[in-house]
Every structure is written in C-alpha cells, then in structure tokens.
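So the structure is just underneath, and the comments pick up after that.
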Amino acid sequence: MNRTQHDFLLEGFLNLNNLRILLFFCFLPTFLLTLAGNMLVILLVQWHTRLHTPMYFFVTNLSFLEIWYTMTTAPKLLALLLTKDNRISYEWCFAQLYMFHGLGMTECALLAVMAFDRCMAICNPLRYTTIMNERMCRALAVICWTFGFLASVIPTTLTQKVPLCGLYYIDHYFCDLAPLLALACTDTSFTSAMNSSVIGFATMFNLVFIIIMYINIIWAIMKLKSNTGRMRAFSTCSSHLIVVVMFYSAAFTVYATPKGSWPTSYDKLIAIVYTIVTPLLNPIIYTLRNNEVKIALKETIQSKLETLKLH
C-alpha cells in the first residue's frame, strides 16, 4: 500500500479507556482556559500603553506561541477521547510533528531572548531603551520564529524518509519522533542521533545562554546596596524564571531520558504537562506575578462593568 495514502492510528490513553469521558471533561476546560488566558494576555498588552514595553512584547509572542502549541495537539486528543476516532492522516501526522517541534524550538529561543531582555534591563538600565528598541525587539522575535521552524525541518524530513511498516499504530496521542520511529522497518540509529543532535542543540544552546544571562543578572543584583532594590530587580525576572524551569523540566524528562526507562504511558502524562498544563500556567504566572498586568486587568474589568451599567 502506498504509504502516503495510509492513515496512522493513535493509541492515545488506551489503558484508561473506561475513563475517556471523564478525561475529556477534564481536558476540555483546561484547553479552553489555555486559549482564553493567553488571548487575554495578548489583548491586555495591546489595550494598555503602559504594557507597550520590550518585556511584554515578548510575553505576547510567548502567549501567541502557546495558543498554537496547544492547538497542535489538544483538539485531536479531545476528539480521540470523545469519539474514539483514532485515525490521523499521513500528511496531518507529519504536519503535526513539524508544528510541534517548530513551536517547541521557537519557545526555547524566545525564552533565551526574554532572558537577554531582563539582563539588559537590570545590567544596563540607562541604555536599556536604546538597546531594546522596537526594531531590535521585532528582529529578535523574527529570529526566534525563523530559527524554530527552520530547525524543525531537519527531524521532520529525516523521520519522513524512514521506511515504516507494521500496523501503523502510534503509541501516543499525537505524532512525535520516538513513536513514529518505533514503526520503522530499518535501523534508525542515524536518524535518532541526528534528531537528538538538532533538538539537543536547540535546547542546550538556549539553556546555556539563559544561564549566562542569569549569572550576569545575579551579579548585578548582588551589587545593589539596598534589599528593596534587590527584591524589585529580582521580581522582574521571577515570572520568566518559573516558566523556564517548567518548560525545561518537562522537555528534559521526555527527551533527555534514555528510552525504555519507564513505560510510554508516563511519557504521555508528561506530554500533557507541556502541551496543555504549562501553556495554561504561563499566562497565570505572568498575570499574578506582575503588578502592571494586574492593574491593566483590573482597569479592563472596571471599564467593562461600567459599560454594562450604562447599557
């Protein structure tokens, strides 16, 4: 049979088949809240001029990315739970693979750029607005998105060229590298090594860059004489630091752990964390831990309530 005409079958959470409907009603509100929360952050930044700063420009990029990150996998997961339709076409499977890893590597780069922005704000406060001008911010954002989606071409293309055989059952709820390569008829050592090299470079290069930026930030903060100044400086980085820890913890758990260390069901649960839960938490973290966003949200709610009263 021509492989391009063959549908894949996603196993999803087959061992939890009796809990399908319960899982659906757990994931559906999480998915909707993720979309609403990230969209709210984007709109708040657009509506309030006090949030027209480099930091919130990158936060809106992150929120936009998280919307698409969730949209790449969650709708099919919900359909799988509700309808038992576990088919996914060959074309959509590899499109999903490309989008998933493109967005993932874009997020790595974006988190690194956000660390650079915080470093410039704290280490070079007098030159910050000159360095992080609108042109620079847009250029950095374009570089992040371009890097992520160009890098994703390599593992997607290499995996697509691997001859697959068997029943085309993918032991996951979306198309990822390892479950697809598990269907291969030939040795995949080279492909796996190349995929790991590309993803490893994208994650480790950006993580090392983030660590370097935070070493500079900590050094600059320690030189401040007042505790108040130190706390204020660190508070501007805390939200970003929490997001970095969540993202890289989940990524390393899945992609840096030797295969076979635990059942694939564990990989699926971790995947839920970084495809649905983390995108939900990001806007909450940036909203609750930033006074500017809380003030903007409060003003928006008051404005909407006043408008309703007038009507």
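- Cys144 meets the disulfide bond (SG atoms under 2.5 Å apart) test with no other residue; sequence neighbours excluded.
- The shortest heavy-atom contact between Asp176 and Pro179 is O-CD, 3.4 Å.
- When all heavy atoms of Val162 and Ala184 are compared, the closest pair comes out as CG1-CB, 3.4 Å.
- Annotation: side chain to side chain donor-acceptor pair (under 3.5 Å) contacts of Ser239 (sequence neighbours excluded): Asn290.
- Going from atom CG of Leu81 over to atom CG of Leu22 covers 10.0 Å, rounded to the nearest 0.5 Å.
- More than 12 heavy atoms of other residues, nucleotides or ligands shown are found within 6.0 angstrom of CZ on Phe94.
- Taking Phe147 as the reference, nothing meets the ring pair (Phe, Tyr, Trp, His ring centres under 6.0 Å) condition, with sequence neighbours excluded.
- Within 6.0 Å of the CZ atom in Arg87, the count of heavy atoms belonging to other residues, nucleotides or ligands does not exceed 12.
- Considering only residues two or more places apart in sequence or on other chains, Phe205 meets the ring pair (Phe, Tyr, Trp, His ring centres under 6.0 Å) condition with Phe201.
- Met55 and Leu43 fall within a single hydrophobic cluster, where Ile, Leu, Val, Met, Phe, Trp and Tyr are joined by side-chain heavy atoms under 4.5 Å apart, directly or via other members.
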For residues 28-39, which side-chain N or O atoms pair as donor and acceptor with protein atoms under 3.5 Å away, sequence neighbours left out?
residue : atom : partner : partner atom : Å
Thr30   : OG1  : Cys26   : O            : 2.9
Thr34   : OG1  : Thr30   : O            : 2.7
Asn38   : OD1  : Ser63   : OG           : 3.4
Asn38   : ND2  : Thr34   : O            : 2.9
Asn38   : ND2  : Pro279  : O            : 3.0

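- When the side chain to side chain donor-acceptor pair (under 3.5 Å) test is applied to Ser189, the partners found at least two apart in sequence or on another chain are Asp187.
- Summarising the geometry of Thr159 relative to Asn195, their closest heavy-atom pair is OG1-ND2, 3.3 Å, with the distance given to 0.1 Å.
- Here the shortest heavy-atom pairing between Arg20 and Thr83 reads NH1-N, 4.4 Å.
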Report all side-chain donor-acceptor pairs from residues 114-125 shorter than 3.5 Å, counting only partners two or more places apart or in another chain.
residue : atom : partner : partner atom : Å
Asp117  : OD1  : Tyr128  : OH           : 2.5
Arg118  : NH2  : Tyr128  : OH           : 3.4

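- A continuous path of Ile, Leu, Val, Met, Phe, Trp and Tyr side chains, each step under 4.5 Å between heavy atoms, connects Phe209 with Met136, placing both in one hydrophobic cluster.
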Using residues 210-224 as the side-chain source, report each donor-acceptor pair under 3.5 Å to any protein atom, sequence neighbours left out, with the distance given to one decimal.
residue : atom : partner : partner atom : Å
Tyr214  : OH   : Cys237  : O            : 3.4
Tyr214  : OH   : His240  : ND1          : 2.7
Asn216  : ND2  : Ile212  : O            : 3.4

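- Residue pairs satisfying the side-chain hydrogen bond (donor to acceptor under 3.5 Å, both in side chains) criterion with at least one member in residues 141-151, sequence neighbours excluded, are listed as follows: Asn61-Trp145.
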Leu281 and Val277: side chain to side chain contact (heavy atoms under 4.5 Å, CB included), yes or no, with the steps? CA-CA 6 Å; Leu281 293 178; Val277 178; 3.9 Å; yes
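- Using the six-membered ring where Trp is involved, Tyr69 and Phe100 have ring planes that are parallel, under 30° apart on the 30 and 60° scheme.
- When hydrophobic clusters are built by joining Ile, Leu, Val, Met, Phe, Trp and Tyr residues whose side-chain heavy atoms come closer than 4.5 Å, directly or via intermediates, Met105 is not grouped with Leu110.
- Here the shortest heavy-atom pairing between Phe149 and Tyr98 reads O-OH, 2.9 Å.
- The shortest distance between side-chain heavy atoms of Val41 and Val59 falls below 4.5 Å.
- Cluster annotation: Leu80 is connected to Ile21 through the hydrophobic network of ILVMFWY side chains, with a link wherever side-chain heavy atoms come within less than 4.5 Å.
- Taking Asn86 as the reference, nothing meets the side chain to side chain donor-acceptor pair (under 3.5 Å) condition, with sequence neighbours excluded.
- With sequence neighbours left out, Tyr173 forms a side chain to side chain donor-acceptor pair (under 3.5 Å) with Thr275.
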So Phe13 and Leu19, side chain to side chain contact (heavy atoms under 4.5 Å, CB included) or not? Walk me through it. CA-CA 9 Å; Phe13 295 96; Leu19 301 175; over 6 Å; no
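- Using a 4.5 Å heavy-atom cutoff, the side chains of Leu103 and Glu107 are not in contact.
- Annotation: salt bridge (Lys or Arg N to Asp or Glu O under 4.0 Å) contacts of Arg230 (sequence neighbours excluded): none.
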Take Phe24 and Leu78 through the test side chain to side chain contact (heavy atoms under 4.5 Å, CB included) and record every step on the way to the result. CA-CA 6 Å; Phe24 174 82; Leu78 293 171; 3.9 Å; yes
Check the pair Met132, Leu140 against side chain to side chain contact (heavy atoms under 4.5 Å, CB included), reporting the backbone distance first and the verdict last. CA-CA 10 Å; Met132 299 301 293; Leu140 289 172; 4.0 Å; yes
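- Gln96 approaches Thr73 most closely through the heavy-atom pair NE2-CA, 3.9 Å.
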